[in-house]
Amino acid sequence: MSDENLYLRAYEREKKARQEAEAILENTSRKLYLTNQQLEQQNKELKARGDETDLFLSIAQFAQHEFHLKTAMRFFLKSICTLCGWPVGHVYVPSDSKAKELTSLGVWYCADKKKFHPFQEKTRKINFQAGYGLPGRILLSGNSLWITDIPSDANQSSSNFPRAAEAQKAGIKSAFGVPIKCNSKIIAIAEFFSDHAHETDDKFLSLVNSAALQLGKLLERRTAQDELKESYKQLKEYKSELEHLARYDSLTNLPNRLQFEIILKREIAKAQRHNHMFALLMIDLDNFKAVNDTLGHDVGDLLLKEVSHRLQKGLRAEDFVARLGGDEFAAILSEITDYHKPGLIAQKIKALMKKPFHVRGYEIPISASIGISCYPEGGEETISLTKNADIALYLAKAEGRDTHRYFTEDLDLKYQERMRIEKNIRAALKKEEFYLAYQPKIDLVTQKVVGAEALLRWQLDGKTVFPDIFIPIAEESGLIIKIGEWALREACQQFMRFPSYFQKNCTLSVNLSPRQLSYKSLYKSVQEVLKDTGMPPSRLELELTETALMLHFQDTEKLLNKLSSFGLEIAIDDFGTGYSSLSRLKDLPINTLKIDKTFIQDIGIIPDTHSIIKSIIVLGKNLGLNVVAEGVETNEQLQFLIDNHCPQVQGYYFCKPVCADDFIEFIKASNGVLSPE
């Protein structure tokens with residue numbers, strides 16, 4: 001083989017080797033390029049995933065702290081704007097619970113406040129209805145929205161982007177917004193703006209939607225936690241309220257009977273340990289039932305509140321007061337060293353109660369009766385202490401009210417006696433042991449009988465029980481209502497048996513008790529008695545004491561006007577011993593003033609009494625009223641009354657009270673004219 005052929009073969013081999021090397025190099029370069037491209041893409045994906053992870057992690061970390069919607073949205077705007085490099089972010093929220101209109105939350109992220117200020121001002125002033133503008137369209141659809149070119153979007157419809165002019169001035173070109181949902185309800189819409197044109201980036205928008213969804217879930221959790229905390233708080237408050245209601249009176253907020261018994265037991269234990277005395281006061285308002293009956297329970301409740309305030313003022317800081325129910329209160333006076341101290345405190349309480357209460361335009365006079373038992377003399381246990389204080393209270397009320405009594409063994413015997421009398425009164429009503437006695441009223445000019453007063457009497461086992469003994473007990477127990485109804489009917493029936501002279505010319509007086517005045521059916525009861533007995537209304541005079549009249553003046557005034565319009569006459573008994581106002585007196589349908597017998601008995605003994613009697617006589621005449629002097633027993637008393645022109649009198653000087661049959665005989669025998677006995 002020639003050298004030329006050898007050279008050609010060598011050249012071909014070298015060329016082939018070079019081509020193979022170049023192919024290998026080109027292939028390697030291509031692989032390196034592709035590998036580099038893949039690495040760059042992987043770096044981008046890793047960075048995106050890192051950004052996404054960082055975003056979600058930061059939102060999660062932020063949610064661990066207490067925050068409100070504004071702080072959460074402010075953080076969300078900053079996180080998204082920083083991530084995507086958009087300079088402006090803002091939040092709209094529903095203006096009401098119906099979520100039909102959006103208003104600015106006032107939360108922004110703004111990279112250049114001066115540049116974007118006009119756009120911010122427009123945004124603050126404008127509200128968006130559903131379907132109107134970027135936020136309104138998101139509200140209507142419930143989905144996110146990307147606007148690549150704001151001017152083009154605005155040109156399609158004027159309602160698409162009403163802030164287009166301001167956006168153009170600020171150089172804003174693109175925008176997107178996402179809804180923030182909590183419990184499937186849109187609670188906010190975040191909108192973002194850029195001064196560069198951006199094509200829709202579905203991956204990025206998906207990222208923001210995911211972040212918004214995460215934030216909504218975290219807000220849901222936070223809301224649930226807050227609601228749970230609030231529910232727990234309310235549960236604790238409710239439990240506390242129940243415990244409070246179990247031990248405290250809902251009206252006055254004073255401790256109730258349960259709490260009172262707990263404190264009383266503690267006080268007994270403390271007194272036993274330290275060998276000291278303490279006192280228990282049982283306090284009851286006098287005639288409080290009449291307040292409820294005449295003025296209503298709402299006024300009564302307000303009165304009880306005022307009473308509780310005054311009671312607390314009347315006690316020392318270390319003392320305890322509770323409302324046991326109704327108008328009954330109890331006070332525990334701790335560590336008493338002086339046996340007389342409870343009485344002094346009781347007097348202070350009574351003085352506070354006697355000042356008139358002003359409730360809803362009513363001036364309500366009221367008083368309190370107080371029973372006192374001291375440890376250990378008045379009892380060494382809860383039951384005995386409260387029982388004995390109740391006994392003392394009962395007797396304080398029975399002895400005229402507005403007073404206080406200490407419990408003693410003698411008082412216990414007295415209480416037992418009162419209980420026996422009350423039992424006998426109940427039996428007397430069934431056995432018809434009560435009867436009426438009549439005492440005539442005499443005209444001092446004509447010396448003729450002009451009327452009579454029916455007086456209640458009680459014959460028990462052949463012995464007379466005096467009214468001043470059983471009437472207070474009947475009043476306190478409420479039995480006076482039945483007794484009073486019986487007395488009125490009996491008096492009217494017996495009147496119709498009296499001689500014709502008396503029926504035509506005289507009046508029959510029947511007493512009404514304070515309890516009867518507060519009895520709602522009194523007017524109806526009087527009507528029925530008059531109808532059933534045939535008693536002429538003009539011949540019947542109802543007597544009530546001055547104190548009873550003024551006790552609940554406004555309601556008593558209404559009742560008396562109704563009775564007067566029916567034709568009855570009204571008399572004020574025991575006049576001069578109460579506290580009536582003359583300005584009120586002249587407005588009442590009063591026919592007669594009866595001067596209390598205590599003034600008459602003092603004639604010739606106490607000179608000042610003469611002036612009082614003269615004044616009452618003059619007052620009665622000036623008001624056009626009849627005046628009757630009660631309890632006339634001596635010639636000196638009679639002569640004084642004649643000299644001072646007192647129209648009428650009644651008393652033992654002319655006739656003692658006698659039963660109906662004897663009174664009829666007395667009238668027939670005297671022929672209507674009486675002489676002194």
Exercise for the section: May I have the step-by-step check of side chain to side chain contact (heavy atoms under 4.5 Å, CB included) for Glu475 and Ser513, ending in yes or no? Expected result: CA-CA 8 Å; Glu475 280 275 0; Ser513 75; 2.6 Å; yes
Handout entry: Side chain proximity check, Val321 to Gln312, heavy atoms < 4.5 angstrom
Key = yes
Handout entry: For Pro135 against Leu102, the heavy-atom pair lying closest together
Key = O-CD1, 3.4 Å
Completion exercise
Of all heavy-atom pairs linking Phe566 and Gln527, the shortest is CE1-NE2, 3.6 Å
Exercise for the section: Please list, chain by chain and in numerical order, all residues satisfying ring-ring contact (aromatic ring centres under 6.0 Å, His included) with Phe278, sequence neighbours excluded. Expected result: Tyr375
Practice task
Answer yes or no: is there a side-chain heavy-atom contact under 4.5 Å between Phe329 and Leu311?
Solution key: yes
Exercise for the section: Give a yes or no on whether Glu381 atom CD has more than 12 heavy-atom contacts from other residues, nucleotides or ligands under 6.0 Å away. Expected result: no
Problem - Check: Thr386 and Leu280 side chains under 4.5 Å, non-hydrogen atoms - result: yes
Exercise for the section: Hey, could you give me each pair passing ring pair (Phe, Tyr, Trp, His ring centres under 6.0 Å) that has a residue in residues 156-177? Not counting sequence neighbours. Expected result: Trp86-Phe176, Trp146-Phe176, Phe176-Phe192, Phe176-Phe204
Exercise for the section: Tell me whether the centres of the aromatic rings in His117 and Phe119 are closer together than 6.0 Å. Expected result: no
Practice task
State, to 0.1 Å, how close Lys348 and Lys313 come at their nearest heavy-atom pair, and which atoms those are.
Solution key: NZ-O, 3.8 Å
Problem - Ion pair Asp298/Arg360, N-O distance below 4.0 Å - result: yes
Handout entry: Whether Asn561 side chain and Glu557 backbone form a donor-acceptor pair below 3.5 Å
Key = yes
Exercise for the section: Output yes when Asp149 and Lys173 qualify as a salt bridge under the 4.0 Å nitrogen-oxygen rule, no when they do not. Expected result: no
Handout entry: Sole residue of Leu258, Ile263, Leu264 in side chain to side chain contact (heavy atoms under 4.5 Å, CB included) with Phe260
Key = Leu264
Exercise for the section: Could you tell me whether Asp402 and Lys354 make a salt bridge, using a distance below 4.0 angstrom between a side-chain N and a carboxylate O? Expected result: yes
Practice task
Take atom CD of Gln168 as the centre, draw a 6.0 Å sphere, and report whether it contains more than 12 heavy atoms from other residues, nucleotides or ligands.
Solution key: no
Exercise for the section: Determine, for Arg137 against Asp153, whether the closest basic-nitrogen to carboxylate-oxygen distance falls under 4.0 angstrom. Expected result: yes
Exercise for the section: Kindly indicate, with the supporting measurements, whether the criterion side chain to side chain donor-acceptor pair (under 3.5 Å) is fulfilled by Thr252 and Asp249. Expected result: CA-CA 6 Å; Thr252 63; Asp249 175 50; 2.6 Å; yes
Problem - N-O pairing of Glu335 and Arg316 below 4.0 Å - result: no
Exercise for the section: Starting from the C-alpha separation in whole Å, work towards a yes-or-no answer on side chain to side chain donor-acceptor pair (under 3.5 Å) for His404 and Ser369. Expected result: CA-CA 6 Å; His404 68 273; Ser369 298; over 6 Å; no
Exercise for the section: May I ask you to check whether Glu318 and Ser334 show a side-chain donor-acceptor distance below 3.5 Å? Expected result: no
Handout entry: Option from Leu285, Ile283, Asp284 for which side chain to side chain contact (heavy atoms under 4.5 Å, CB included) with Glu328 holds
Key = Asp284
Problem - Flag for Ser174-His196: side-chain donor and acceptor within less than 3.5 Å - result: no
Problem - Tyr109 six-ring centre to Lys78 NZ/CZ under 6.0 Å and within 45° of normal - result: no
Practice task
Tell me yes or no: between the side chains of Thr103 and Asn127, is some donor less than 3.5 Å from an acceptor?
Solution key: yes
Exercise for the section: Kindly write out the residues that satisfy side chain to side chain contact (heavy atoms under 4.5 Å, CB included) with Pro162, not counting sequence neighbours, or none if the list is empty. Expected result: Ile126, Phe128, Tyr132
Exercise for the section: Any chance you could lay out the side chain to side chain contact (heavy atoms under 4.5 Å, CB included) test for Asn256 and Leu324, step after step, and finish with the verdict? Expected result: CA-CA 6 Å; Asn256 60 14; Leu324 304 186; over 6 Å; no
Problem - Salt-bridge present (Asp195, Lys115; N to O < 4.0 Å) - result: yes
Exercise for the section: Look at Glu166 together with Arg163 and state whether they make a salt bridge at an N to O cut-off of under 4.0 Å. Expected result: no
